[in-house]
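Working notes for the structure below.
We use all heavy atoms of the structure for the numbers below, so side chains are in, but hydrogens, waters and symmetry mates are not. Just so it is clear: chains get the letters A, B, ... in the order the sequence lines come, proteins before strands, and each one is counted from 1.
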There are 2 protein chains.
Amino acid sequence: MSQTFFDPSLENRPIRDTAYETLKHAIITGQIPAGSRIVETLYAEQLHISRTPLREALRKLERDGLVEYVLHRGVVVRAFTLEDIDEIFTIRNAMMMLILPSIIERVTDEDIDKLNAILKDMDVAQDAEDAEKLAVYNRQFHGYIEHLSDKRRILRVIDSQEEYIIRFSAVTIASIVRRSKAHQEHHEMVELLKNRDLEGIKKLMQHHLDESKETCLAAVKGRGF
Amino acid sequence: MSQTFFDPSLENRPIRDTAYETLKHAIITGQIPAGSRIVETLYAEQLHISRTPLREALRKLERDGLVEYVLHRGVVVRAFTLEDIDEIFTIRNAMMMLILPSIIERVTDEDIDKLNAILKDMDVAQDAEDAEKLAVYNRQFHGYIEHLSDKRRILRVIDSQEEYIIRFSAVTIASIVRRSKAHQEHHEMVELLKNRDLEGIKKLMQHHLDESKETCLAAVKGRGF
DNA sequence: GCTGAAATTTTTGTATACAATCTGAATACA
DNA sequence: TGTATTCAGATTGTATACAAAAATTTCAGC
């Protein structure tokens, strides 16, 4: 966090937004651990901005549920329990099931090509057992599929939950490589999308997401998150 | 809006929070219509506060999705399309189905009594065809049931969607009274809760929520919202 | 009267100043 | 020693001042 410098003057948008994203990233990646108190003057100095835009960024984080506000004590980074993680996946997975019809309806052949390209990258990462890269491609793959849907509000909910999921990816990363069955399922998904097989993809996606939820929960439980 | 006065000094919490709630209420009830531009100096003056807390309130509304921010142009109250309304109900209804098991698990006999009390009020309102009151009790009834669940994050999603639903209640209020079948269903719901009949309430709730969604969509479509 | 550039006004973006409140340590007292 | 109490420092809450950008108006030139 303290080493993360950014030059607000280079960006053509409010400092509060860059501050918001910087803080959000730092919280999600755990650079600012849960329970930390965010003292305004301290962070404003570190980010080389005044308290005003920082405070506006904090208000946004507050509504995101990433930090908690206490009267006259400022904001504190919120902690996650196993129940939280369970609910986050439950919400994400249910929302995903809701948009599958619109995805099948809107997917084009170009989209299939793009997905196959991502799959190729994933193949390499899987063979190399490069968990870090695989996690990135995994998000890219699922993100691409999700955003084939035109359900803006549902996507908004999915995206907001996925922000949290990224928080645990550091813990689950190792498990992902081991679960090579998941990798196989990604290939099957693209095949089902290509055939516009709604029932098939419903069944596979449900299973795939349930497994990823269990994998994460097990990993978090094991490591004592 | 302009007549809504509040004395910040009487409250023991930040002005920004009262401002946030005042604005939120005004937007939800349509006092500030969709498309309106919220000019900071104007609203700050009307609320008798400075721009600083007002801006923090706007950042919260931004994350709520109630207003939209445009670079150097400030915030504009967002409009709702039929697709938006469809998605809002879809999300709410799906989340509701997810928490039914925990509701059945946690409901006590005292809760049943409380729900029956609300039902009695609803009976009166229904007979008097008092749509306004019925809408209030309806929210109270469903709100009580929902919050029997201990799934905090899912409830958070439900609550956020229901804030939007209130926006359309002015349009749908008339239809509610007419749909006296819904009133009957509320009574059945309490009976099923009393018997801890999960499958029964799943089926009824699904039907009930689907109907209310269709009722709202039809009303909004008819009136050209 | 129309066009377009410059000036003015409006409005947002950010920084700073000051007030209110809380925290914690030092001190007084039982 | 233990417990209030008070006071200083730290931190948040709000207001104001100023900078930057956009919108609007004015007015010269045609």
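- Looking at residues two or more places apart in sequence or on another chain, you find a side-chain contact (heavy atoms from CB on, under 4.5 Å) between B:H147 and B:L155, B:D159.
- Residue A:L42 contributes atom CG, which lies 7 Å from atom P of D:dT11 at whole-angstrom precision.
- Residues meeting the side-chain hydrogen bond (donor to acceptor under 3.5 Å, both in side chains) test with B:R152, sequence neighbours left out: A:D84.
- Distance B:R37 CZ to C:dT10 P: 13 Å, rounded to the nearest Å.
- For A:T90, the side-chain contact (heavy atoms from CB on, under 4.5 Å) partners are A:D86, A:K213, B:L98, B:I154, not counting sequence neighbours.
- One atom, CG of A:D17, and another, P of C:dT12, lie 15 Å apart when rounded to the nearest Å.
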Check nucleotides 5-8 of chain C for protein N or O atoms closer than 3.5 Å to its own N or O atoms and list the pairs.
none

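- For A:R16, the salt bridge (charged side-chain N to carboxylate O under 4.0 Å, His left out) test picks out A:E56, with sequence neighbours left out.
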Solution key, residues 60-68 of chain B side-chain donor-acceptor pairs under 3.5 Å, sequence neighbours excluded:
residue : atom : partner : partner atom : Å
B:K60   : NZ   : A:E62   : OE2          : 3.3
B:K60   : NZ   : B:D17   : OD1          : 2.9
B:E62   : OE1  : B:R59   : NE           : 2.7
B:E62   : OE2  : A:K60   : NZ           : 3.3
B:R63   : NE   : A:Y20   : OH           : 3.2
B:R63   : NE   : A:D64   : OD1          : 2.8
B:R63   : NH2  : A:Y20   : OH           : 3.3
B:R63   : NH2  : A:D64   : OD1          : 3.1
B:D64   : OD1  : A:R63   : NE           : 2.8
B:D64   : OD1  : A:R63   : NH2          : 3.1
B:D64   : OD2  : B:Y20   : OH           : 2.4

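- For B:S212, the side-chain contact (heavy atoms from CB on, under 4.5 Å) criterion is met by B:F89, B:R92, not counting sequence neighbours.
- B:I38 comes within 4.0 angstrom of sugar-phosphate atoms only, judged by non-hydrogen atoms across all strands, and of no base.
- Atom NZ of B:K133 has 12 or fewer heavy atoms from other residues, nucleotides or ligands within 6.0 Å.
- Every residue two or more places apart in sequence or in another chain that forms a side-chain contact (heavy atoms from CB on, under 4.5 Å) with A:I112 is listed here: A:V107, A:N116, A:V190, A:L193, A:K194.
- Screening residues 93-106 of chain A for side chain to side chain donor-acceptor pair (under 3.5 Å), with sequence neighbours left out, gives A:S102-A:S149.
- For the helix from C:dG1-D:dC30 to C:dA30-D:dT1, the end axes, each set by the C1' atoms of five terminal pairs, are bent relative to each other by 20° (nearest 10°).
- Under the rule for a ring pair (Phe, Tyr, Trp, His ring centres under 6.0 Å), the partners of A:F141 that lie at least two apart in sequence or sit in another chain are A:H186.
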Anything under 3.5 Å between a protein N or O and an N or O of nucleotides 13-16 of chain D, put it in a table, one pair a line.
residue : atom : partner : partner atom : Å
D:dG13  : OP1  : A:Y69   : OH           : 2.2
D:dG13  : OP2  : A:R55   : NH1          : 3.0
D:dG13  : OP2  : A:R55   : NH2          : 3.4
D:dG13  : N7   : A:R51   : NH2          : 3.0
D:dG13  : O6   : A:R51   : NH1          : 3.1
D:dT14  : OP1  : B:I15   : N            : 2.5
D:dA15  : OP2  : B:S50   : N            : 2.7
D:dA15  : OP2  : B:S50   : OG           : 2.8
D:dA15  : N7   : B:T52   : OG1          : 2.8
D:dT16  : O4   : B:T52   : OG1          : 3.3

